[in-house]
Amino acid sequence: QVHLVESGGGLVQAGGSLRLSCAASGRTFSNYVMGWFRQAPGKEREFVGGISRSGLVTRYVDSVKDRFTITRDNAKNTVYLQMNSLKPEDTAVYYCAGRSGEIVTIIPAEYDYWGQGTQVTVSS
């Protein structure tokens, strides 16, 4: 079992930045591909980005490319989501998730473990 806890959400003005963290405990963190997802009210959960076990490969949804960056520190069992140039449409609950395997997949059902989520609100 892997336990994930997100932090770092909050209220920010458009154009601002936030860094989300996701701390993992339980099994060996470096064995898991990590993903970030978000869900806005009335919408389905959406893949934001993900990072391979080594941290060498990342993948992003087009809407956040060049604005968001995912990194991980396997020594600290933590994955990060740096969000710059935030827009009101980025407002959502953000979740981190982990999956066994090699591939950074965009499908929520393919992730085995989930955090509780952290709210990000971007005001215009």
Side-chain angles (χ1 to χ4, degrees):
Q1 190 77 4
V2 176
H3 184 56
L4 302 173
V5 179
E6 303 96 336
S7 61
L11 173 64
V12 64
Q13 289 189 332
S17 298
L18 281 175
R19 187 175 83 153
L20 305 184
S21 299
C22 173
S25 60
R27 295 187 177 179
T28 305
F29 178 67
S30 59
N31 287 345
Y32 295 89
V33 167
M34 298 301 296
W36 284 97
F37 292 78
R38 65 187 179 186
Q39 189 165 19
K43 295 189 176 181
E44 292 187 354
R45 192 164 296 189
E46 173 192 33
F47 174 80
V48 175
I51 189 165
S52 64
R53 298 186 301 178
S54 66
L56 295 178
V57 176
T58 54
R59 183 178 183 182
Y60 301 93
V61 67
D62 286 347
S63 60
V64 308
K65 282 180 181 177
D66 300 324
R67 299 190 298 123
F68 290 10
T69 303
I70 297 174
T71 57
R72 67 188 295 163
D73 186 337
N74 286 341
K76 294 183 178 180
N77 292 346
T78 303
V79 61
Y80 304 96
L81 178 65
Q82 178 66 43
M83 304 185 293
N84 299 328
S85 302
L86 282 161
K87 304 175 181 180
E89 51 264 43
D90 295 318
T91 295
V93 177
Y94 283 71
Y95 300 89
C96 69
R99 69 180 301 267
S100 303
E102 303 284 344
I103 305 301
V104 179
T105 175
I106 69 171
I107 302 172
E110 296 185 355
Y111 286 78
D112 305 303
Y113 304 105
W114 291 84
Q116 83 289 348
T118 186
Q119 177 70 47
V120 171
T121 303
V122 184
S123 63
S124 57

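In this text, all values refer to a predicted model and were calculated from it rather than measured experimentally.
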- Let me know which of Val33, Val104, Thr28 forms a side-chain contact (heavy atoms from CB on, under 4.5 Å) with Arg53. Val33
Any idea which heavy atoms bring [X] and [Y] closest together, and the distance?
X: Tyr95; Y: Gly115; result: CD2-O, 3.6 Å
X: Arg59; Y: Thr105; result: NH1-CA, 4.2 Å
X: Val93; Y: Gln119; result: CG2-OE1, 3.2 Å
X: Thr78; Y: Ala23; result: OG1-CA, 4.2 Å
X: Ser17; Y: Asn84; result: OG-OD1, 2.9 Å
X: Arg72; Y: Phe29; result: NH2-O, 3.0 Å

So if you build clusters from Ile, Leu, Val, Met, Phe, Trp, Tyr with side-chain heavy-atom gaps below 4.5 Å, do [X] and [Y] land together?
X: Ile51; Y: Tyr111; result: no
X: Val61; Y: Ile106; result: no
X: Trp114; Y: Ile107; result: yes

How far does [atom1] of [X] sit from [atom2] of [Y], to the nearest 0.5 angstrom?
X: Ser124; Y: Gln13; atom1: OG; atom2: CD; result: 9.5 Å
X: Ser63; Y: Glu89; atom1: OG; atom2: CD; result: 8.5 Å
X: Asn77; Y: Cys22; atom1: CG; atom2: SG; result: 10.5 Å
X: Glu110; Y: Ile103; atom1: CD; atom2: CD1; result: 10.0 Å
X: Thr69; Y: Tyr80; atom1: OG1; atom2: OH; result: 14.0 Å
X: Ile70; Y: Gln82; atom1: CD1; atom2: CD; result: 11.5 Å

- Under the 3.5 angstrom rule, does the side chain of Glu6 hit a backbone N or O of Cys96 as a donor-acceptor pair? yes
- Quick check: does any side chain N or O of Arg67 sit under 3.5 Å from a backbone N or O of Ser85, one acting as donor and the other as acceptor? yes
List, one per line, each side-chain donor-acceptor pair under 3.5 Å for residues 36-48, sequence neighbours excluded.
from  : atom 1 : to    : atom 2 : distance (Å)
Arg38 : NE     : Glu46 : OE1    : 2.7
Arg38 : NH1    : Asp90 : OD1    : 2.9
Arg38 : NH1    : Tyr94 : OH     : 2.9
Arg38 : NH2    : Glu46 : OE1    : 3.4
Gln39 : OE1    : Arg45 : NE     : 3.3
Gln39 : OE1    : Arg45 : NH2    : 3.3
Gln39 : NE2    : Lys43 : O      : 3.1

- Message: Taking the cut-offs as 6.0 angstrom to the six-membered ring centre and 45 degrees off its axis, would you call Arg27 and Tyr32 a cation-pi pair?
- Response: no
- Query: Is Leu20 close to Met83 at the side-chain level, that is, under 4.5 Å between some pair of heavy atoms?
  - Reply: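 Sidechains of Leu20 and Met83: in contact.
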- Message: Using a 6.0 Å cut-off, check whether atom CG of Leu11 has over 12 heavy atoms from anything other than its own residue.
- Response: yes
